[in-house]
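Take a look at the structure below.
These values consider heavy atoms only, across backbone and side chains, with no hydrogens, waters or symmetry-generated copies. Note on naming: letters A, B, ... go to the chains in the order of the sequence lines (proteins, then strands), and numbering restarts at 1 for each one.
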Number of protein chains: 2
Amino acid sequence: MATIYDVSVMAGVSLATVSRVVNNNAKVSEKTRKKVLAAMEALDYRPNAIARSLASSRSNSVGVLVSQLDGPYHGPMMSMIESVLRDAGKHVIFAAGRSDEERERASVSFLQDRGCDALVLDIEAVSDDYLVELAKGQTPIVLINRYVEPIEDRCIYLDNEQGGYLATEHLIKLGHRSIACISGPLYKLDARQRLAGHKRALAEAGLQFDPRLCVEGNFDQRSGREGVNRLLEQKRPFTALVCANDRMASGAIAGCMAQGLSVPADLSVMGYDDFPVPEYITPKLSSVSNPIHEMGKMAANWVLQHVYQLEGAPLARRFEPVLKAKESTGMNR
Amino acid sequence: MATIYDVSVMAGVSLATVSRVVNNNAKVSEKTRKKVLAAMEALDYRPNAIARSLASSRSNSVGVLVSQLDGPYHGPMMSMIESVLRDAGKHVIFAAGRSDEERERASVSFLQDRGCDALVLDIEAVSDDYLVELAKGQTPIVLINRYVEPIEDRCIYLDNEQGGYLATEHLIKLGHRSIACISGPLYKLDARQRLAGHKRALAEAGLQFDPRLCVEGNFDQRSGREGVNRLLEQKRPFTALVCANDRMASGAIAGCMAQGLSVPADLSVMGYDDFPVPEYITPKLSSVSNPIHEMGKMAANWVLQHVYQLEGAPLARRFEPVLKAKESTGMNR
DNA sequence: CTGTTAGCGCATTCAA
DNA sequence: TTGAATGCGCTAACAG
């Protein structure tokens with residue numbers, strides 16, 4: 001591999017001059033520039049990013065830490081972030097935190113140690129306090145999908161409370177009065193927020209929240225199925241069910257079908273996230289949109305503007321969910 | 001940020017000694033080790049990965065280049081690779097090639113310049129020749145999902161021809177004699193291979209391959225739907241349809257339903273990949289497994305063994321698809 | 001077992 | 001506008 005030194009020798013200039021033309025950041029006469037470029041070409045010179053980072057303490061790469069690398073949720077987000085940053089000549093390093101506090105911290109350290117200029121985090125296991133501390137450090141951070149009040153200017157998030165509200169309000173408008181619910185795992189903030197929205201919608205409609213009609217799931221399909229079974233066993237009548245995400249709603253519908261219940265005729269079911277599914281599925285799941293692409297784009301833009309001083313599209317931090325009424329919900333008979 | 005120098009001063013030892021305890025690769029007396037560790041702790045010392053790479057020309061990170069970061073295909077693969085490598089203390093840098101030759105080449109360069117110790121590539125736009133050349137370079141490479149004969153020892157792939165064969169054979173065993181097909185985009189090797197398997201199965205059963213019963217799709221759901229419509233318009237009867245992946249099969253089934261055809265009663269439909277879908281979908285898609293997790297794991301193990309000299313599980317390079325008969329295929333009446 | 005020394009490839013003063 | 005010198009933080013011989 002040719003080094004900057006080889007180029008300088010071949011071009012008959014100093015090493016510093018080569019550096020100048022490579023970085024294009026200082027006056028270089030057209031003539032010497034030509035010589036240098038020719039030498040670079042001839043030697044197939046490619047700057048060593050590692051050495052460059054060490055010397056300049058700037059890597060032109062940003063670290064992105066997500067809880068998982070697969071699944072319908074993070075894929076589009078990563079894709080969007082990569083796309084925006086890459087178009088700006090920046091690079092992206094992804095890591096997975098696996099919803100484990102140790103691992104999340106270790107990943108943050110890894111990305112910092114790799115010299116990332118900024119960190120985009122979509123993680124859930126670490127504490128708010130940790131994040132607040134982290135934000136005070138050298139490396140700028142942005143949070144996706146998490147609201148931490150002391151550093152709210154670093155947070156890009158969906159108004160989950162409002163989403164939970166919309167889902168339940170939709171059912172109420174359809175005439176449902178007994179609405180069951182399968183929440184997400186309540187140690188997660190977004191699950192609590194969605195549940196809070198659910199309760200607010202009930203309250204505004206003058207309906208009583210009945211804890212016996214609300215079970216806790218873990219966001220997996222299976223827990224949706226088990227959840228609806230538990231609800232059904234209680235023999236407490238309900239005509240609608242809100243689930244804290246699409247996967248649990250899928251499981252719940254499967255559970256209903258197994259018990260001979262028809263959706264939405266016997267039971268209306270709401271999801272949350274509005275993720276894509278095969279075209280021929282029936283019924284199509286009513287849901288609440290989760291603009292994960294947009295949040296990814298926004299995080300990337302935030303970094304571009306605040307870390308790299310590139311002006312660009314205006315920034316938004318808070319996103320509003322939108323109701324997506326489809327086939328799995330219907331009027332209460 | 002504390003440096004190795006600060007630690008050495010605080011511990012009252014030389015800089016080299018600190019390096020030794022950090023890397024744990026040479027004899028250090030228990031006593032000095034303790035001193036050093038204490039100093040490291042006190043200073044919250046974290047080695048600078050950049051400097052370390054520069055000095056050792058080894059980064060303990062491997063680059064993974066995939067065509068996309070989202071979708072059901074690459075997610076699980078990336079996840080698996082990250083998991084295996086991470087457990088071995090190695091790190092992973094992902095990049096997206098977007099099925100564009102320029103971009104794929106640029107991404108390879110990026111990963112090389114970042115000092116990756118090895119590259120795992122799941123890309124399709126670059127030529128075989130390019131890959132052969134690349135394999136001769138400094139950075140070891142492994143190919144996933146691509147068979148390039150001159151460097152076959154670097155290839156981890158699914159026997160797509162056999163998969164295509166299994167899919168069609170399944171339909172033939174069910175008594176179908178007129179079998180239509182929606183292939184993948186034929187500029188892609190795996191699409192061609194699956195089609196070849198289809199033809200072989202037909203031939204072995206003494207059936208004639210009818211080009212008019214075979215249309216080309218692009219692996220997207222929409223092209224499956226359009227494909228089946230085109231096939232149906234021809235008024236050439238067929239009782240079964242093989243699709244080169246699950247997404248197109250989904251689109252095809254949706255198209256059938258829209259035309260009042262029932263699957264599998266009126267038409268049997270086969271997919272390929274066997275990707276997970278919501279539990280309540282009907283009919284469940286008969287398919288051919290694509291052990292993408294396994295291939296990811298294998299790629300990671302290859303790197304561990306060949307690049308980092310870590311012994312581990314035995315390596316396999318060629319994977320056999322398995323037929324997954326479910327509900328979308330049935331006996332020919 | 002430990003310290004000294006010389007780079008890794010480059011950016012960046014400071015002079016010229 | 002250009003060159004010489006210094007150092008980023010660390011590893012890796014080489015001595016001792």
Side-chain angles (χ1 to χ4, degrees), chain A residues 1-37 39-40 43-61 91 109-110 112-117 138-139, chain B residues 1-37 39-40 43-61 89 91 109-110 112-117 138-139 308:
Chain A
M1 242 340 215
T3 74
I4 196 172
Y5 176 76
D6 303 324
V7 176
S8 76
V9 170
M10 179 170 217
V13 300
S14 83
L15 191 154
T17 300
V18 178
S19 176
R20 289 185 183 107
V21 357
V22 168
N23 292 295
N24 193 32
N25 58 1
K27 303 282 157 227
V28 176
S29 79
E30 203 46 43
K31 208 168 122 195
T32 56
R33 172 188 306 280
K34 282 243 169 60
K35 279 193 305 188
V36 172
L37 288 174
M40 283 172 47
L43 293 168
D44 186 29
Y45 170 70
R46 277 163 31 193
N48 179 318
I50 303 281
R52 203 202 283 244
S53 296
L54 185 59
S56 66
S57 53
R58 214 172 203 334
S59 65
N60 280 314
S61 68
H91 300 296
S109 293
F110 165 62
Q112 287 179 319
D113 295 347
R114 293 294 309 175
C116 290
D117 297 331
Q138 298 296 304
T139 316
Chain B
M1 248 330 219
T3 75
I4 197 173
Y5 176 77
D6 302 325
V7 176
S8 75
V9 169
M10 181 169 215
V13 299
S14 83
L15 196 152
T17 300
V18 178
S19 176
R20 289 185 183 106
V21 357
V22 168
N23 293 296
N24 193 33
N25 59 0
K27 304 280 158 231
V28 176
S29 80
E30 202 46 44
K31 207 167 127 195
T32 56
R33 172 189 305 280
K34 280 246 169 62
K35 278 194 306 189
V36 172
L37 288 173
M40 284 171 48
L43 292 168
D44 187 26
Y45 169 70
R46 277 164 29 194
N48 180 318
I50 302 282
R52 202 201 285 241
S53 298
L54 185 59
S56 66
S57 53
R58 217 180 205 330
S59 65
N60 279 314
S61 67
H91 300 297
S109 293
F110 165 63
Q112 288 179 319
D113 295 348
R114 292 296 306 177
C116 289
D117 298 330
Q138 298 297 304
T139 317
Y308 296 114

Of the candidate nucleotides D/dA4, C/dC10, D/dG9, which contains the atom at the shortest distance from the side chain of A/P47? C/dC10
Remember a base hit wins even if backbone is also touched, and classify A/S57 as base, sugar-phosphate or nothing at under 4.0 Å, heavy atoms. nothing
So B/L15, base contact, sugar-phosphate only, or nothing? Heavy-atom distance under 4.0 Å. base
If the cut-off is 4.0 Å, is A/T32 near the phosphate of D/dT1, judged by side-chain N/O to OP1 or OP2? no
When the rotation axes relating C1' atoms of four end pairs to the next four are compared across the helix from C/dC1-D/dG16 to C/dA16-D/dT1, five pairs an end, they differ to 10° by 30°
Below 4.0 Å: OP1/OP2 of D/dT11 and any side-chain N or O of B/R52: yes
Counting only heavy atoms and a strict 4.0 angstrom limit, can you tell me which residues of residues 16-24 of chain B come near DNA chain C? B/A16, B/T17, B/R20
Does A/S14 have a side-chain nitrogen or oxygen under 4.0 Å from the phosphate oxygens OP1 or OP2 of D/dG3? yes
At under 4.0 Å, does any side-chain N or O of A/S29 touch on OP1 or OP2 of D/dT2? yes
Under the side-chain hydrogen bond (donor to acceptor under 3.5 Å, both in side chains) rule, collect the residues that match up with A/Y45, sequence neighbours excluded. none
Answer yes or no: does a side-chain N or O of A/Y5 lie under 4.0 Å from OP1 or OP2 of C/dG7? no
Give A/S53 one of three labels, base, sugar-phosphate or nothing, depending on what nucleic acid heavy atoms sit under 4.0 Å from its own. nothing
Per atom distances to the A/K27 side chain, the nearest of C/dT12, C/dT2, D/dT1 is D/dT1
